[in-house]
2 protein chains.
Amino acid sequence: MSANETRQQIVEAADRLFYERGFEATSFADIARELGLSRGNFYYHFKTKDEILDAVIRHRLETTRDMLDAWERDIRSPAERIRSFFRILIANRTRIMAHGCPVGTLCNELAKLDHAAKADAARLFALFRSWLSGQFSALGRAADADALALHVLMRSQGVATLATAFHDERFIRREVADLEAWLHDQCPDASLPPPRRSP
Amino acid sequence: MSANETRQQIVEAADRLFYERGFEATSFADIARELGLSRGNFYYHFKTKDEILDAVIRHRLETTRDMLDAWERDIRSPAERIRSFFRILIANRTRIMAHGCPVGTLCNELAKLDHAAKADAARLFALFRSWLSGQFSALGRAADADALALHVLMRSQGVATLATAFHDERFIRREVADLEAWLHDQCPDASLPPPRRSP
DNA sequence: GTCTATACGAAGATAGAC
DNA sequence: GTCTATCTTCGTATAGAC
């Protein structure tokens, strides 16, 4: 196995375990066991746990950028792109109800630990923020695009947290429908499908 | 010092440290040091860390009930009571930007740990949920009072998470103003002060 | 009730053989 | 590049003196 392949496998396993169990609660042994590696070998690829965290955050930044680029390329309407963002909540509902939002929960954990990487983790939010802001600008809301982007992020985070606490899939679907209705109110010219409203 | 006094001091110190650093990241030694106690003495009061967690959650349930009871007693209008809930975000903004929402972050952490107490922690949310639901019922929205309560909780959680990630006090104030405008739209008869709207 | 001393295991990290 | 063995630190938990 080449160094890069093993390294990549470590990052992907750490990414999953940091999400499912949290950063602190995941040990080197956990990641190594997952891959059938010895702990010793581990240190050939990463000297410290913080190095793995940095690599995981970079990996998440890359995959997130790829996802947003794909939406930018494949979806014509900015409103439909924003809807794709809403729909993450439904597509990932099972994992969200079990482990929360990968971005929000990591930022919260690193904030409590006052960890050096907490600002890096917040860049994941910043990535969504600037992308969403761009979509709202394209919808003619350049003046308050950033505030609208933060508002959307805020609601997605709230839905994730409550969905985890209450394990309630209907709540997720209701709030996504409400987000779509909200989007329609914000940008009535964007030719969205007719929204269902609740509450 | 009586057993009950010491026990109460332990619970209060643990409550604060669990909030500021997280449950897992807080050790017995941390709590003991905070109070000038020896670790040995500690075990006279609590046998395991999970016992402390249970006591902390019970303590939070009590103080939360006290706060809601006081609002119920001191504030006439249900809409004004709901506004008091919104205003927690502003009153506690400094601690929220540093450590997030005490309820949301605890529920998230316990969910990741798949901890036995995660359902107990969710009862803190349930307490706010049923109280908010009661206020919306009193405002004539009995039919969808629970959905409205969850919606309010959802937005408060989202605001807390993003405020932590971005350390943005103006964002908090803007979203609280938006919540007040939303409340006014939901219950136009409730004689609220004129809301500022944004975004 | 509070203390000191200590057992035990887990986790981060290193050294050196293959 | 991967392994085993080992070191060190820390955290939970216990025993027993005062």
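Sequence lines set the chain letters: A, B, ... in the order given, protein chains first and strands last, and positions in each chain run from 1.
Remark: C1' of D:dT12 and CD of B:E51 are 13 Å apart, rounded to the nearest angstrom. In this structure, the CD1 atom of A:I10 is 12 Å from the P atom of D:dG1, given to the nearest Å. Taking atom CG of A:L35 as the reference point, atom P of D:dT2 lies 11 Å away to the nearest angstrom. One can place CZ of A:F42 at 11 Å from C1' of C:dG12, the figure rounded to the nearest angstrom. Rounding to whole angstrom units, CZ of residue B:R39 and P of C:dC8 are separated by 16 Å. Atom OH of B:Y43 and atom C1' of C:dA5 are 14 Å apart (whole Å). Separating the CD atom of B:Q8 from the C1' atom of C:dG1 is a distance of 17 Å, rounded to the nearest angstrom. In this entry the distance linking NZ of A:K47 with P of C:dG12 reads 16 Å, nearest Å.
Residue A:T6 places at least one side-chain N or O closer than 4.0 Å to OP1 or OP2 of D:dT2.
Comparing D:dG1, C:dA13, D:dA13 by their nearest atom to the side chain of A:Y44 picks out D:dG1. The side chain of A:F28 approaches C:dA13 more closely than any other nucleotide in the set D:dT14, D:dC3, C:dA13. In the set C:dC3, C:dG12, D:dA13, C:dC3 carries the atom at the smallest distance from any side-chain atom of B:L37. For B:S27, taking side-chain heavy atoms from C-beta onward, the closest of the listed nucleotides C:dG12, D:dG11, D:dT4 is D:dG11. Taking every side-chain heavy atom of A:S38 into account, D:dT2 is the closest of D:dT2, C:dT6, C:dT14. Side-chain proximity of B:N41 to the nucleotides D:dG1, C:dG1, C:dG12 is greatest for C:dG1.
Side-chain contact annotation: B:N41 with B:S38, donor-acceptor N/O pair under 3.5 Å absent. Judged by distance alone, the side chains of B:N108 and A:H99 never bring a donor and an acceptor atom under 3.5 Å apart.
Under 4.0 Å is where a charged nitrogen must lie from a carboxylate oxygen, and between A:E180 and A:R87 at least one such pair does.
Looking at which nucleotide of DNA chain C each of A:G40 and A:D30 is closest to, the 5′-most match is held by A:D30.
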inquiry  = Determine whether B:Q135 and B:E72 satisfy the following criterion, side chain to side chain donor-acceptor pair (under 3.5 Å), listing intermediate values before the conclusion.
reply    = CA-CA 9 Å; B:Q135 306 310 316; B:E72 203 79 25; 3.1 Å; yes
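Within 6.0 Å of the CZ atom in A:R39, the count of heavy atoms belonging to other residues, nucleotides or ligands does not exceed 12.
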